[in-house]
Amino acid sequence: MQKYDPKTYFKRKKTPPKSIEDLKSLRAETKFYMMILFGVGVVFGILAGIIEIAALNALFTIVGVAGLMAGCYFWLVLYAFDRVEKRLKNLTCDKCGGSLDDISCAKWEETSRRWQDSNDKNQAVSRLYVTVEITCTCPECGEVKTFRETLCSGKIRVTSMSVRDTLVSTDKIVEDYFNGLIHA
């Protein structure tokens, strides 16, 4: 069994991985913690349903819910790792394995925009998703790689009292993508 270090996990998770191998070890550790916490949540949830002593029932319920919530957190981290892995694959040369994360060696073109709307009785929210086609030239071997990425450019929120927008230019979201910040 592989040994994991929970003391340094969060520090390592905050540092963007430079390679897919680094990401795979973090992903494996994240899955391990997620499964443990979901298991704790389920076991304590079952115990809370079985035990009829009020004090223990409340304790088991709290521990069960906390375990499930922490497991959900690690599940969301795994989703973020999927996005990071896709970015790393996109920005790696298929021919020589060199890094394509230098924006000066890339050209991009916006190919489409779409708004995704949602609303309820208190507010209306519309998110703008921009699809860009990025063409990178490997600085090491000269290979040209083209890929598409759909990024969130921001949102507009309208309530009865205000209108707020957090829209970012396409230039900025592409620059952020190359710097490791994925607008999803």
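Remember, predicted model here, so these are calculated numbers, not experimental data. All residue numbers refer to positions in the sequence shown, counting from 1.
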J.: Of all residues at least two apart in sequence or in a different chain, which pass the salt bridge (charged side-chain N to carboxylate O under 4.0 Å, His left out) check with Arg113?
T.: Glu110

J.: For Cys136 and Leu91, work out which heavy atoms get closest and say how close.
T.: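 Scanning both residues, the minimum pair turns out to be SG-CD2, 4.3 Å.
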
J.: State the OG1-CD1 distance between Thr146 and Ile134, to the nearest 0.5 angstrom.
T.: 10.0 Å

J.: Linking I/L/V/M/F/W/Y whenever their side-chain heavy atoms sit closer than 4.5 Å, directly or via other members, would Trp108 and Val144 fall into one cluster?
T.: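 They do not share one cluster, since no chain of ILVMFWY contacts under 4.5 Å joins Trp108 to Val144.
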
J.: Without swapping roles, check the side chain of Ser169 against the backbone of Lys172 for a donor-acceptor pair under 3.5 Å.
T.: yes

J.: Mind checking what makes side-chain hydrogen bond (donor to acceptor under 3.5 Å, both in side chains) contact with Arg164, not counting sequence neighbours?
T.: none

J.: Is it the case that one hydrophobic cluster holds both Tyr73 and Leu26, taking links as side-chain heavy atoms less than 4.5 Å apart, direct or via other members?
T.: yes

J.: What residues, two or more places apart in sequence or in another chain, satisfy side-chain contact (heavy atoms from CB on, under 4.5 Å) together with Ser99?
T.: Asp101

J.: Roughly how far apart are Thr170 OG1 and Leu151 CG, rounded to 0.5 Å?
T.: 9.0 Å

J.: Using modelled atom types only, decide if a donor and an acceptor are shared between the side chain of Thr166 and the backbone of Gly154 within a distance under 3.5 Å.
T.: no

J.: Run the salt bridge (charged side-chain N to carboxylate O under 4.0 Å, His left out) test against Arg27 and tell me which residues pass, sequence neighbours left out.
T.: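 Result, salt bridge (charged side-chain N to carboxylate O under 4.0 Å, His left out) vs Arg27: Asp82, Glu85.
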
J.: Write down the atom of Trp115, the atom of Ser126, and the distance for their closest heavy-atom approach.
T.: CE3-OG, 3.1 Å

J.: Could you measure the distance from the CZ atom of Arg148 to the CG atom of Asn90? Nearest 0.5 Å is fine.
T.: 12.5 Å

J.: Answer with yes or no whether the hydrophobic clustering places Leu167 together with Leu181; edges join I, L, V, M, F, W, Y residues whose side-chain heavy atoms lie under 4.5 Å apart.
T.: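 Result: no, two separate clusters.
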
J.: In Å, rounded to the nearest 0.5 Å, how long is the span from CD1 of Ile156 to CG of Asp117?
T.: 9.5 Å

J.: Can you pull out every side-chain hydrogen bond (donor to acceptor under 3.5 Å, both in side chains) where at least one residue sits in residues 40-50? Sequence neighbours excluded, please.
T.: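 Found none.
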
J.: Can you name the residues that form a side-chain contact (heavy atoms from CB on, under 4.5 Å) with Ser104, not counting sequence neighbours?
T.: Asp102

J.: What's the shortest heavy-atom distance between Val130 and Ser153, and which atoms?
T.: CG2-CB, 3.8 Å

J.: Within the distance-only criterion (no hydrogens, no angle test), does the side chain of Ser162 pair as donor or acceptor with the backbone N or O of Thr159 below 3.5 angstrom?
T.: no

J.: Can you name the residues that form a ring pair (Phe, Tyr, Trp, His ring centres under 6.0 Å) with Tyr9, not counting sequence neighbours?
T.: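 Tyr9 satisfies ring pair (Phe, Tyr, Trp, His ring centres under 6.0 Å) with Tyr33, Phe74 only.
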
J.: Quick check: closest heavy atoms across Glu175 and Ile103, and the distance to 0.1 Å?
T.: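 Heavy-atom minimum between the residues: CA-CD1, 3.7 Å.
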
J.: In terms of hydrophobic clusters joined by side-chain contacts under 4.5 Å, are Val84 and Phe10 together?
T.: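 Yes.
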
J.: Rounded to the nearest 0.5 Å, what separates atom CZ in Arg127 from atom CZ in Arg114?
T.: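 These two atoms lie 11.0 Å from each other.
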
J.: Any non-hydrogen side-chain atom of Asp94 less than 4.5 Å from a side-chain atom of Glu143?
T.: no

J.: Report whether Trp75 and Met69 are members of the same hydrophobic cluster (ILVMFWY, side-chain heavy atoms less than 4.5 Å apart, transitive linking).
T.: no

J.: Can you name the side-chain contact (heavy atoms from CB on, under 4.5 Å) partners of Asn119, sequence neighbours left out?
T.: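 Only Ala124 meet the side-chain contact (heavy atoms from CB on, under 4.5 Å) criterion with Asn119.
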
J.: So, using side-chain contact (heavy atoms from CB on, under 4.5 Å) as the criterion, who are the partners of Ser118 when residues are at least two apart?
T.: Val125

J.: Who passes salt bridge (charged side-chain N to carboxylate O under 4.0 Å, His left out) against Lys95, sequence neighbours left out?
T.: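 By the salt bridge (charged side-chain N to carboxylate O under 4.0 Å, His left out) rule, Lys95 matches no residue at all.
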
J.: Listed by chain and number, what are the salt bridge (charged side-chain N to carboxylate O under 4.0 Å, His left out) partners of Lys155, not counting sequence neighbours?
T.: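 Not a single residue meets the salt bridge (charged side-chain N to carboxylate O under 4.0 Å, His left out) criterion with Lys155.
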
J.: Just how far is it from atom CZ of Phe178 to atom CZ of Arg87, taken to the nearest 0.5 Å?
T.: 8.5 Å

J.: What pairs of donor and acceptor atoms, side-chain ones from residues 34-63 against any protein atom, are under 3.5 angstrom apart with sequence neighbours left out?
T.:
residue, atom, partner, partner atom, Å
Asn57, OD1, Thr61, OG1, 3.2
Asn57, ND2, Ala48, O, 2.8
Asn57, ND2, Ile51, O, 3.2
Thr61, OG1, Asn57, O, 2.8

J.: Should we say atom NZ of Lys145 is surrounded by more than 12 heavy atoms from elsewhere, each under 6.0 Å from it?
T.: yes

